[in-house]
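These notes concern the structure reproduced below.
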Amino acid sequence: MSERLDTLLRVFSDMRERQKLTSDEIMIFLAVGRLGIAATPQGVTMRPVTCLDISQLLKIPTETVRRKAVRLEKIHFVTRTTRGIAIQNLDEWRRLAEMLTI
């Protein structure tokens with residue numbers, strides 16, 4: 001268990017240093033991918049997810065999700081549409097998700 005915790009802490013520290021992301025922004029980025037990315041026989045599909053969906057998953061205020069999504073959009077990690085928030089930087093999301101998988 002401590003190995004998994006060490007990995008989590010290293011990943012968060014790396015993202016904070018490299019991308020200057022807060023812990024909330026990292027969690028929201030992961031949640032957008034978790035809720036919006038699906039593997040299909042044709043490949044990967046991405047759908048936008050709402051701030052409410054993310055808020056309910058992470059148990060944080062919807063307004064916090066909205067504000068943090070603006071920051072993630074500025075650094076090209078997500079894109080915001082009228083239908084919600086979608087992953088823009090799939091490579092970075094995959095890298096982060098793989099680092100957290102033990």
Side-chain angles (χ1 to χ4, degrees):
M1 181 160 127
S2 69
E3 183 180 327
R4 293 182 77 180
L5 182 55
D6 289 346
T7 300
L8 176 66
L9 294 172
R10 270 194 312 277
V11 168
F12 270 61
S13 293
D14 177 62
M15 292 298 287
R16 287 176 57 103
E17 282 182 26
R18 273 189 327 106
Q19 301 295 341
K20 307 297 185 226
L21 295 177
T22 66
S23 298
D24 282 350
E25 291 165 343
I26 297 167
M27 300 266 298
I28 290 166
F29 182 54
L30 287 168
V32 171
R34 170 65 181 89
L35 294 170
I37 296 173
T40 66
Q42 295 78 25
V44 174
T45 62
M46 290 184 281
R47 70 172 182 84
V49 294
T50 67
C51 290
L52 182 60
D53 292 335
I54 298 164
S55 170
Q56 290 174 342
L57 176 67
L58 299 178
K59 309 286 189 262
I60 60 176
T62 305
E63 181 57 24
T64 299
V65 173
R66 189 199 63 73
R67 273 188 296 102
K68 301 292 184 170
V70 169
R71 164 88 168 99
L72 291 169
E73 184 177 40
K74 286 180 182 174
I75 62 171
H76 307 288
F77 273 37
V78 302
T79 186
R80 292 181 308 138
T81 71
T82 56
R83 293 183 14 216
I85 304 165
I87 293 293
Q88 181 175 346
N89 190 334
L90 184 58
D91 291 336
E92 188 66 29
W93 188 87
R94 277 188 181 145
R95 187 187 78 73
L96 181 58
E98 286 172 1
M99 288 174 66
L100 293 171
T101 304
I102 297 177

- Query: According to a 4.5 Å side-chain heavy-atom criterion applied to Ile, Leu, Val, Met, Phe, Trp and Tyr, with indirect links allowed, do L90 and L96 form part of one hydrophobic cluster?
  - Reply: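 In one cluster: yes.
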- Connected via hydrophobic side-chain network under 4.5 Å: V70 and F77: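 V70 does not cluster with F77.
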Would you mind reporting whether [Y] and [X] have side-chain heavy atoms less than 4.5 Å apart?
{"X": "V11", "Y": "I26", "answer": "no"}
{"X": "K68", "Y": "I54", "answer": "no"}
{"X": "I85", "Y": "R66", "answer": "no"}
{"X": "W93", "Y": "I37", "answer": "yes"}
{"X": "L21", "Y": "F12", "answer": "no"}

- Nearest heavy-atom pair of A86 and P48: which atoms, and what distance?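 Heavy atoms only, the tightest pair is CB-CA, 4.1 Å.
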- Query: Can you name the nearest heavy-atom pair linking N89 to F29, along with the distance?
  - Reply: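 Nearest pair, atom of N89 first, then F29: O-CZ, 3.8 Å.
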- Kindly determine whether E92 and I75 satisfy side-chain contact (heavy atoms from CB on, under 4.5 Å), including the steps that lead there. CA-CA 11 Å; E92 188 66 29; I75 62 171; over 6 Å; no
- Message: Holding to side-chain hydrogen bond (donor to acceptor under 3.5 Å, both in side chains), I want the full list of residues that pass it with Q88, two or more places apart in sequence or in another chain.
- Response: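 With sequence neighbours excluded, Q88 shows a side-chain hydrogen bond (donor to acceptor under 3.5 Å, both in side chains) to no residue whatsoever.
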- Test M27 against L30 for side-chain contact (heavy atoms from CB on, under 4.5 Å), laying out the working first. CA-CA 5 Å; M27 300 266 298; L30 287 168; 5.5 Å; no
- Query: Is the closest side-chain donor-acceptor distance between R16 and S13 under 3.5 Å?
  - Reply: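 S13 and R16 do not have a side-chain donor-acceptor pair below 3.5 Å.
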- Item | Pairwise side chain to side chain donor-acceptor pair (under 3.5 Å) hits with a residue in residues 51-60, at least two apart |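 Listed once each, the pairs are T50-D53, S55-T62.
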[X] [atom1] to [Y] [atom2] distance, which is reported to the nearest 0.5 Å:
{"X": "M99", "Y": "L8", "atom1": "CE", "atom2": "CG", "answer": "10.0 Å"}
{"X": "T64", "Y": "I28", "atom1": "OG1", "atom2": "CD1", "answer": "7.0 Å"}
{"X": "M15", "Y": "T22", "atom1": "CE", "atom2": "OG1", "answer": "10.5 Å"}
{"X": "L57", "Y": "R34", "atom1": "CG", "atom2": "CZ", "answer": "7.5 Å"}
{"X": "Q19", "Y": "L72", "atom1": "CD", "atom2": "CG", "answer": "10.0 Å"}

- Message: Show, in sequence, the C-alpha distance, side-chain angles and deciding distance for D24 and L58, and conclude whether the side-chain contact (heavy atoms from CB on, under 4.5 Å) test is met.
- Response: CA-CA 9 Å; D24 282 350; L58 299 178; over 6 Å; no
- Message: Would you say CZ of R67 has more than 12 non-hydrogen atoms from neighbouring residues, nucleotides or ligands within 6.0 angstrom?
- Response: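 Counting other residues, nucleotides and ligands, CZ of R67 exceeds 12 neighbours.
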